Number of protein chains: 4
Amino acid sequence: MSRPKSEEKRNTLLSVAAQVFAKNGLSASTASITSAAGMAEGTLFVYFKGKDELINALYAEIKNDLAETMLFGHPQNGSVQEKLYHVWSNYVDWGAKNPDRLAALHKIKVWEGLKAEVREATAERFCELQSLTESAIANGAVSELPYEFILAVFSAQAETTMQFIKREPHKSDFYKENGFKMFWNGITAKG
Amino acid sequence: MSRPKSEEKRNTLLSVAAQVFAKNGLSASTASITSAAGMAEGTLFVYFKGKDELINALYAEIKNDLAETMLFGHPQNGSVQEKLYHVWSNYVDWGAKNPDRLAALHKIKVWEGLKAEVREATAERFCELQSLTESAIANGAVSELPYEFILAVFSAQAETTMQFIKREPHKSDFYKENGFKMFWNGITAKG
Amino acid sequence: MSRPKSEEKRNTLLSVAAQVFAKNGLSASTASITSAAGMAEGTLFVYFKGKDELINALYAEIKNDLAETMLFGHPQNGSVQEKLYHVWSNYVDWGAKNPDRLAALHKIKVWEGLKAEVREATAERFCELQSLTESAIANGAVSELPYEFILAVFSAQAETTMQFIKREPHKSDFYKENGFKMFWNGITAKG
Amino acid sequence: MSRPKSEEKRNTLLSVAAQVFAKNGLSASTASITSAAGMAEGTLFVYFKGKDELINALYAEIKNDLAETMLFGHPQNGSVQEKLYHVWSNYVDWGAKNPDRLAALHKIKVWEGLKAEVREATAERFCELQSLTESAIANGAVSELPYEFILAVFSAQAETTMQFIKREPHKSDFYKENGFKMFWNGITAKG
DNA sequence: AATGAATGAGCGTTCATTCAT
DNA sequence: GATGAATGAACGCTCATTCAT
């Protein structure tokens, strides 16, 4: 038997690709990725059918990582607000710790080659988050709003928060807390 | 000078570029743009030094258009909330009417070649919006949040709203109103 | 107006391609052709959509040239045998004078990328030759054989003759005459 | 030595290579051959030093097979014409039964990488055919023609015949007989 | 100013071959 | 011997840009 495909090599490629794409855009050459990964140009094509597949795989991988991270250490007890804040906190912290992955994600999101199937498949990973949001709605949030919308606003607000934390890291806690407050008030206050 | 450069041609190029970039990404060829514009390949370079300059110019043009549109018909009287809603409404309507320009904008925003100067220059066009936000803060919004943050959330929330209107156009009014409510509650409610 | 496409450049490319393909096979790189033609790599793609189209065009061009050459100076009067010998002679002479084109032709004939349409289109150029053959048949040749078959044998025999002339140029006339005699006897003698 | 090289594997490779080359040309990848043969990519290089050697070996193998087939069941008695017809018949039948090998052969014949030694070595296998032809000459064929030329015409005509049989299989006998008649008349008739 | 042929650097991908397993 | 991951040179082709017309 020959050498088996190395899961590690695949991960290295994905990880390096995120960095390179973050810095130079998705138009960065595949050669620049393999070179940064210390591999031969052809090796990338052993693990991914082509550049498109690499990018789609990278999207899936980042999204999965993010989903897992957001729900990590999720408290069984506590109010809905506390639970949501926990997710929010994980999300924002992940963004601060993984600026390259975040940047790569943003570029892939507006990329024409992202396959609908991949986009949708990753959405499934966020289902627990959906039930959380539904709970929030049932427990007094602005009930007219569909939970998908609330989820999208949650995400948008979190991303905005990350931006500002990146710009002013010393105010990290301030933005994290107040950003969430703004979101929570937005969906609960009766106006 | 023989023939003067035609302002119309320049505008056509920008407008067609927005459509092409929206559909095919910024990696669309300059030839595909001139061809769609009914011009010769070389003509693009008469009006723009290169592709980078075209994209930067397009960003500036769209942002200016957006700024102008958002403040159009701005009421002199009325509450801060009413004024902000007016802006919000213009914003969201613009997005619905200009999906290509909006999509192009999103791609340029995450593009590596966007010049800092251009990014900043366009921010100036939004100064009136800044004073509006400052007024809102002075009039009771969560005072701890810097107005740039509030502005960013305003924008993020508006964009999220546009997404859902695009997906469900028949609920256009619903999303526009409730999206704004969420934003307004977020910055005013005391949590 | 810009520079018009140069018919001469196109011809140069075809001509050089024949030489290069003859020597190095159809797998010769497009760069080796443009370089031998003294042009930039990209120029080939101005005149031909791709390598496949170049090869198909080369096939058509050689076949047309050959058809024209074979029928050149065709005698209005004379016996069928004399007329056919005239064609035979032109054919064999062409092969001797154009070894590269002949070699290229042979390679393209067994190439998978040759389009059926091109293969058939060039057949039309040989229609006058077909009527000649039909005359020969009507005038006493082995009548059972379809003229396409006779034509094919004519060609095969001529090509065999060319091979031997190439190998032994000093016996050029000998092969040309006896090769034809063999063909003519083959189709006329009653066995 | 641990395991001996398997003669069967070598034959499988040659046989599959003929099919693949016939269909996709000599530019078909070695991987496509091993894959079609149900072997690993590297195995091909255990049996052949490289792709070139494989193709040269395939040429030799097909030529040997062909030579053997042509002379199979060769009648000891009978006229020269009958003997030659026997060979002709075997040749044409082989072509009809082995279209892939025939097609592969044609491609290799015009290939630049075919080694002169291999080309010549296989010629030796046809020596009995040569004496046959010499007999024919001695017995009344057009004596001026060298037997190599007659042999070449024999082959060319047989191949032309195969083409037409492939196109019109129901006229198989017709072409086989009349094709030979044409050849025989060609070399015997006094014109 | 407008045109589009010409350019050549650069890219994604293929593939014969090697070699660790 | 058999395997297939790893390699990196080579290729066809694209495309922003130039410039002769």
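Letters go in sequence order (proteins before strands), and every chain restarts at 1. For clarity, every value in this text was computed on a predicted model and none was experimentally measured.
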Per nearest nucleotide of DNA chain E, the residue lying toward the 5' end, B:Met39 or C:Met39, is B:Met39
Minimal non-hydrogen separation, A:Ser32 against A:Ser29, with atom names: OG-O, 2.6 Å
Roughly, in whole Å, what's the span from CD in B:Glu53 to P in F:dT17? 10 Å
Quick one: do D:Ser15 and D:Asn11 satisfy side-chain hydrogen bond (donor to acceptor under 3.5 Å, both in side chains)? Show the steps, please. CA-CA 6 Å; D:Ser15 166; D:Asn11 288 335; over 6 Å; no
Nucleic acid contacts - residues 42-51 of chain A versus DNA chain E, non-hydrogen atoms under 4.0 Å: A:Phe45, A:Gly50, A:Lys51
Of the non-hydrogen atoms in B:Leu44 and B:Leu13, which two are nearest, and what is the gap between them? CA-CD1, 4.1 Å
NE2-CD distance between C:His106 and C:Glu159, expressed to the nearest 0.5 angstrom: 3.5 Å
Measuring from atom CD1 of D:Ile108 to atom CG of D:Leu58, what distance do you get when rounded to the nearest 0.5 angstrom? 4.0 Å
To the nearest angstrom, how far is D:Ile55 atom CD1 from E:dC15 atom P? 14 Å
Atom pair NZ (B:Lys51) and CG (B:Asn56), whose distance is rounded to the nearest 0.5 Å: 12.5 Å
Can you tell me if B:Arg101 uses its side chain to pair, donor with acceptor, with the backbone of B:Trp94 under 3.5 Å? no
Salt bridge (Lys or Arg N to Asp or Glu O under 4.0 Å) partners of B:Lys107, counting only residues at least two apart: A:Glu112
Find the runs of at least 3 consecutive base pairs, i with j, i+1 with j-1 and so on, that include DNA chain E, using Watson-Crick or G-U wobble geometry with both distances under 3.5 Å. E:2-21 with F:2-21
Quick one: CD on B:Glu53 to CZ on B:Phe45, what's the gap to the nearest 0.5 Å? 10.5 Å
In whole angstrom, what separates A:Asp52's CG from E:dC11's P? 16 Å
Specify the residues of residues 4-15 of chain C, ordered by number, for which at least one heavy atom lies under 4.0 angstrom from an atom of DNA chain E. C:Pro4, C:Lys5, C:Lys9
Measuring from atom CZ of C:Arg125 to atom CG of C:Asn64, what distance do you get when rounded to the nearest 0.5 angstrom? 4.0 Å
In residues 17-31 of chain D, which ones come under 4.0 Å of DNA chain F, going by heavy atoms? none
Return yes when atom NZ of A:Lys109 has more than 12 non-hydrogen atoms of other residues, nucleotides or ligands closer than 6.0 Å, and no otherwise. yes
note: A:Arg3, atom CZ; F:dA6, atom C1'; distance rounded to Å ~ 6 Å
Distance (rounded to the nearest 0.5 Å) between D:Thr12 OG1 and D:Tyr47 OH: 9.0 Å
Determine whether any donor atom in the side chain of C:Glu41 lies under 3.5 Å from an acceptor atom in the base of F:dC13, or the reverse, and answer yes or no. yes
Only counting residues at least two apart or in another chain, list the ones meeting side chain to side chain donor-acceptor pair (under 3.5 Å) with D:Gln19. none
